[in-house]
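Since the structure comes first, as structure tokens, the remarks are kept for the end.
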Amino acid sequence: MKEINIHGAVMQCYPLSAAQKLHHYTIRYCPPQVLCIGTGLYIQQEVDFALLKQAIYKAYDMFDTMRLRFVQDEDGAVYQYIVPSEERDIPLMDFSQWEEEKAHDEMRRWTAIPFERYNKPMNQVVMIKLPNGFNGMYLKVDHMTMDSSSLIGFNRAVLEIYCAERYGTNMPKELKSYIAQLEKDLAYEADSPAKKRDEEFWMKEIQRDEPMYTDFAGQGRLLTQRRENQNPNQRWAMVVSKSPEASISVYSLEKEASMRLMKFCELYHVPMASLLAMGLRTVLSKFNDDEQDVSIKTCVARRGTLSEKFSGGTRVHFFPLRTIMNPEMTFLDGVHMIQAEQSRIFRHANFDPIELTMRRAQYWKSAPGTSYESISLTYQPLTVKQNIQDMPDIQYKSFWYTNGVAGQPLYLTVMHRPEDNGLNFNFEYRKDAVTAQEMEYFYYYLCRVLFRGIEDETRTIGEILQMI
């Protein structure tokens, strides 16, 4: 902790956590709006906007990470601090007479506007009126202050407070301190015994043998780079681009089909994240000449304790999830292999993912900006509505707005829709890496793999690869 004089007030400032350093590292190579996350949550009901504004202010008081600021010291090091209150106006934007898609385009434009990084608020809340009687709020945050779990938590708190004031339902529970959890994270990173154990684990993983890059668009990228580098044995590929322009394609899986996937997970006691990862790695295998050695990046939310779960902030770490599966292995055994591998990784998930990436590159002498993974996966198991047990039965809409750029070629986020609990597949992709048509093609094969697998869990991977 360091005391810094900010605008005449001495503030207690703290170093960045490893998760924050990951995002800070990203803006060294991408436009700053890459860290902007824009969301919208709307209900089909007349809203008392004065009451909603009060609820938002109360939620600001509860979520200290919504009052997080960043500062640079005299040496250029970045620190963070919490301001005691938030008094900015929360405006109301009336889009009710607009075409709805144009209203969403305007909010996409807002999302592409980066925040001023130092001594300024790192979020923006706007109350919204949409056409067709939908009303609610738009929320933009900087990823160094919030992740998807925090976003859902803040939205949930606003709705719970609003409903408590309007309908007499329960107020949200008190949250945990962000700073108290940050201090635990910084203590871990200060060469603690736990960090040393995790370091030993990851170094053994790195040194085991070299992974194989499998691209979501087929073997073209790797084969081209092998020719360019005159290295026929190259197993990594360049994934960094000079053109970070990106878009999002959202595919909604029907409710009935989504329930079939969920019932499979319940029947065989496997997490949805493991089933989705099995689908992804099988498609990557198919697109890369039935390659058995497949790696993806898996998201670890790191919210296992009550303090972690309810302290807000950004806690996501990404780690390589590598599996080698022979064609004779059954689909269910493959899911179980991934489940076991995820459990191994999760036990060592506090380790700095940037440090892991750098050490792996040094060990295998891969070029800067290269990777063995072409796709990252996040599964968000809960929605705002699922978390609120006594919410009135109201029609909802939720949106994730693209900021227009991406730091990686393809990032898949799977979430449950608030209106029916069905699954939405949100593909954020870099336009120079894949087209919207190719993205739809990938989603089509992902669904084929998943449903060929769950309809007969004894099917082998080889049989599924032939069927699709």
Side-chain angles (χ1 to χ4, degrees), residues 1-2 14-29 77-80 143-144 147 149 178-213 235-236 239-240 273-274 277 293-305 307-309 311 313-324 337-373 376-378 407-408:
M1 193 269 288
K2 180 177 184 178
Y14 296 82
L16 301 182
S17 68
Q20 290 172 313
K21 290 176 183 176
L22 178 64
H23 298 309
H24 190 64
Y25 179 82
T26 302
I27 57 176
R28 292 170 57 185
Y29 302 97
V78 179
Y79 286 81
Q80 58 189 311
H143 211 344
M144 281 178 65
D147 56 24
S149 295
Y178 169 73
I179 294 298
Q181 180 56 50
L182 175 64
E183 289 174 335
K184 294 179 183 178
D185 294 336
L186 295 175
Y188 164 87
E189 292 167 20
D191 291 325
S192 65
K195 180 182 177 181
K196 291 177 181 177
R197 289 193 297 269
D198 293 341
E199 180 181 25
E200 181 180 350
F201 168 83
W202 284 113
M203 287 307 299
K204 286 181 180 178
E205 289 296 296
I206 289 171
Q207 297 168 10
R208 188 172 53 169
D209 57 0
E210 188 175 15
M212 173 63 78
Y213 178 83
R235 295 171 71 90
W236 42 261
V239 295
V240 171
S274 301
D293 187 347
V294 177
S295 296
I296 65 174
K297 283 186 180 179
T298 186
C299 166
V300 184
R302 299 195 309 127
R303 293 191 182 274
T305 67
S307 173
E308 292 168 346
K309 186 175 182 180
S311 60
T314 185
R315 301 197 54 76
V316 171
H317 281 183
F318 282 94
F319 293 101
L321 174 64
R322 181 188 183 190
T323 50
I324 302 173
M337 176 188 281
I338 288 175
Q339 181 183 11
E341 188 64 18
Q342 287 174 324
S343 296
R344 276 200 333 129
I345 290 171
F346 292 171
R347 288 194 290 271
H348 303 278
N350 285 325
F351 194 71
D352 186 341
I354 296 179
E355 186 173 347
L356 171 63
T357 300
M358 294 176 63
R359 291 196 184 197
R360 185 174 68 168
Q362 291 169 356
Y363 187 83
W364 291 110
K365 297 179 173 58
S366 57
T370 63
S371 181
Y372 298 99
E373 299 87 29
S376 298
L377 170 65
T378 294
Q408 52 191 326

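Just so we're clear, the structure is a prediction, and the values are computed from it rather than from any experiment.
When each of V300, T378, D147 is paired with V316, the side chain to side chain contact (heavy atoms under 4.5 Å, CB included) condition holds for D147 and for no other.
The side-chain heavy atoms of F318 and I296, taken from C-beta on, include no pair separated by under 4.5 Å. Contact of the L16 side chain with the Q80 side chain is registered, since non-hydrogen atoms from C-beta on lie closer than 4.5 Å. Annotation: side chain of E205 is not in contact with side chain of P211 (no heavy-atom distance under 4.5 Å).
Atom-to-atom distance recorded for Y188:OH and S17:OG is 12.5 Å, nearest 0.5 angstrom. Separating the CD atom in Q362 from the CD1 atom in I206 is a distance of 9.0 Å, to the nearest 0.5 Å. With values rounded to the nearest 0.5 angstrom, S307 atom OG is found 10.5 Å from L182 atom CG. In this structure, SG on C299 lies 8.0 Å from CG on L377, to the nearest 0.5 angstrom. Expressed to the nearest 0.5 Å, how far CG of D293 lies from OH of Y213 amounts to 14.0 Å.
Contacts classified as side chain to side chain donor-acceptor pair (under 3.5 Å) and involving residues 345-354 (residues at least two apart or in different chains) are given here: D198-H348, R302-N350. Listed by first and then second residue, the salt bridge (charged side-chain N to carboxylate O under 4.0 Å, His left out) pairs that reach into residues 181-193 are D185-R315, sequence neighbours excluded.
Note on K204 versus E200: salt bridge recorded, some NZ/NE/NH1/NH2 to OD/OE distance being below 4.0 Å.
In this structure, the side chain of H317 engages the main chain of A349 through a donor-acceptor pair within 3.5 Å. Between the side chain of Q20 and the backbone N or O of M144 there is at least one donor-acceptor pair closer than 3.5 Å. Using modelled atom types, no side-chain atom of Y79 and backbone atom of M1 make a donor-acceptor pair closer than 3.5 Å. Between the T314 side chain and the H143 main chain, a donor and an acceptor come within less than 3.5 Å of each other.
With sequence neighbours excluded, the residues forming a side-chain hydrogen bond (donor to acceptor under 3.5 Å, both in side chains) with E341 are R344, listed by chain and number.
The two residues A277 and I338 come nearest to each other via the heavy atoms C-CD1, 3.7 Å. Residues E308 and S311 approach most closely at O-OG, 3.5 Å, considering heavy atoms. Here the shortest heavy-atom pairing between G313 and R303 reads O-NH2, 3.1 Å. Taking every heavy atom of both residues into account, R360 and S371 meet most closely at NH2-OG, 4.2 Å. For the residue pair L356 and F351, the shortest heavy atom distance occurs at N-CE2, 4.0 Å.
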Under the side chain to side chain contact (heavy atoms under 4.5 Å, CB included) rule, what do R359 and E199 come out as? Steps first, then yes or no, please. CA-CA 10 Å; R359 291 196 184 197; E199 180 181 25; 2.5 Å; yes
Working note: V239 + Q408, criterion side chain to side chain contact (heavy atoms under 4.5 Å, CB included); need CA distance, chi angles, decisive distance, verdict. CA-CA 7 Å; V239 295; Q408 52 191 326; over 6 Å; no
Stepwise salt bridge (Lys or Arg N to Asp or Glu O under 4.0 Å) test for R235 and D209: CA-CA 11 Å; R235 295 171 71 90; D209 57 0; over 6 Å; no
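Checked against the 6.0 Å centroid threshold, Y372 and W364 do not count as a close aromatic pair.
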